*Asks:* 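For reference, the structure I am asking about is given below.
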Amino acid sequence: EIAAQLPKRDADVAAIEGELATARSEQKRLAKAIAMADDVPELVSELKKRSIRIAHLESQILAAKRTPDDLVLLVEKIEGSARARLHDLRTALADKRDLREVFLTLFPEGLTFTPARAPNSNRQIWRITGSASFGSLVDQVGPDCVATPTGFEPVLPA
């Protein structure tokens with residue numbers, strides 16, 4: 001997959017390098033204009049914008065020029081980290097009592113099970129409704145209830 005992306009990456013780098021050359025030439029012209037003029041804040045502001053843009057373009061080029069081996073190592077590192085975290089989660093939830101705590105945390109008001117029929121079928125199913133609360137699982141910023149069934153309002157912090 002990484003090797004398949006290399007031709008596109010090379011084209012992207014060439015485009016970014018072209019944009020970088022343009023930004024540098026604009027920066028030089030602005031610097032000359034500032035040297036000739038007496039305290040023109042607009043020119044100074046534009047020069048600062050070009051400097052920020054140049055720094056951003058240079059960082060994009062550095063990121064795009066990573067070798068395929070660097071990219072493979074990065075992908076392997078991310079994959080290993082994801083597998084370790086998934087293993088930790090599975091280990092943490094091995095005790096069925098922990099699963100109950102997870103559901104109680106996610107659905108503090110509980111779940112309601114109502115008998116229903118599957119659409120276009122006579123098969124019996126359960127319709128499950130309840131307000132999900134992710135505040136205690138994530139970072140507890142913003143409304144506590146971020147996922148609700150249709151017709152329910154989110155629970156706002158007191």
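Quick caveat, the model's predicted, so the values are computed rather than measured. Counting from 1, the numbers follow the sequence of the chain as shown.
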*Asks:* Enter the distance from Leu30:CG to Lys48:NZ here, rounded to the nearest 0.5 Å.
*Replies:*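 Separation between the atoms: 13.0 Å.
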*Asks:* Hey, what do you get for OG (Ser59) to CG (Leu57), rounding to the nearest 0.5 Å?
*Replies:*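 Going from the OG atom of Ser59 to the CG atom of Leu57 covers 7.5 Å.
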*Asks:* Check this for me: does any side-chain nitrogen of one of Glu58 and Arg24 sit under 4.0 Å from a carboxylate oxygen of the other?
*Replies:* yes
*Asks:* Just how far is it from atom OG1 of Thr112 to atom CZ of Phe107, taken to the nearest 0.5 Å?
*Replies:* 11.0 Å
*Asks:* So which heavy atom on Leu111 is nearest to which on Gly130, and how close?
*Replies:* CD2-CA, 4.0 Å
*Asks:* Under 4.5 Å between side-chain heavy atoms, hopping through other hydrophobics if needed: is there a path connecting Ile16 to Ile54?
*Replies:* yes
*Asks:* Does the side chain of Leu20 come within less than 4.5 Å of Ile61's, by heavy atoms?
*Replies:*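 Yes, side chains in contact.
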*Asks:* Please find the pair of heavy atoms, one from Pro108 and one from Ser131, that lie closest to each other, and give the distance.
*Replies:* CD-O, 4.2 Å
*Asks:* Just so I know, are the side chains of Lys49 and Arg53 near enough to count as touching, which here means a heavy-atom distance under 4.5 Å?
*Replies:* no
*Asks:* Using side-chain contact (heavy atoms from CB on, under 4.5 Å), reason through Glu46 and Glu42 one step at a time and then give a plain yes or no.
*Replies:* CA-CA 6 Å; Glu46 286 299 316; Glu42 293 82 12; 5.7 Å; no
*Asks:* Could you list the donor-acceptor pairs under 3.5 angstrom formed by side chains in residues 120-128, with sequence neighbours left out?
*Replies:*
from, atom 1, to, atom 2, distance (Å)
Ser121, OG, Arg123, N, 3.0
Gln124, NE2, Ala116, O, 3.2

*Asks:* Do Leu47 and Val40 share a hydrophobic cluster (ILVMFWY, side-chain heavy atoms under 4.5 Å, transitive)?
*Replies:* yes
*Asks:* Using a side-chain heavy atom cutoff under 4.5 Å and only I, L, V, M, F, W and Y, what cluster partners does Leu73 have?
*Replies:*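 Once heavy-atom contacts under 4.5 Å are chained together, Leu73 still belongs with nothing else.
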*Asks:* Do Glu19 and Thr22 touch side chain to side chain, with heavy atoms closer than 4.5 Å?
*Replies:*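 No, too far: nothing below the 4.5 Å cut-off.
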*Asks:* Would you check if the side chain of Ser81 reaches a backbone N or O of Lys77 as a donor-acceptor pair within less than 3.5 Å?
*Replies:* no
*Asks:* Could you state the interatomic distance from CZ (Arg50) to OG (Ser25), rounded to the nearest 0.5 Å?
*Replies:*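 The CZ atom of Arg50 sits 9.5 Å away from the OG atom of Ser25.
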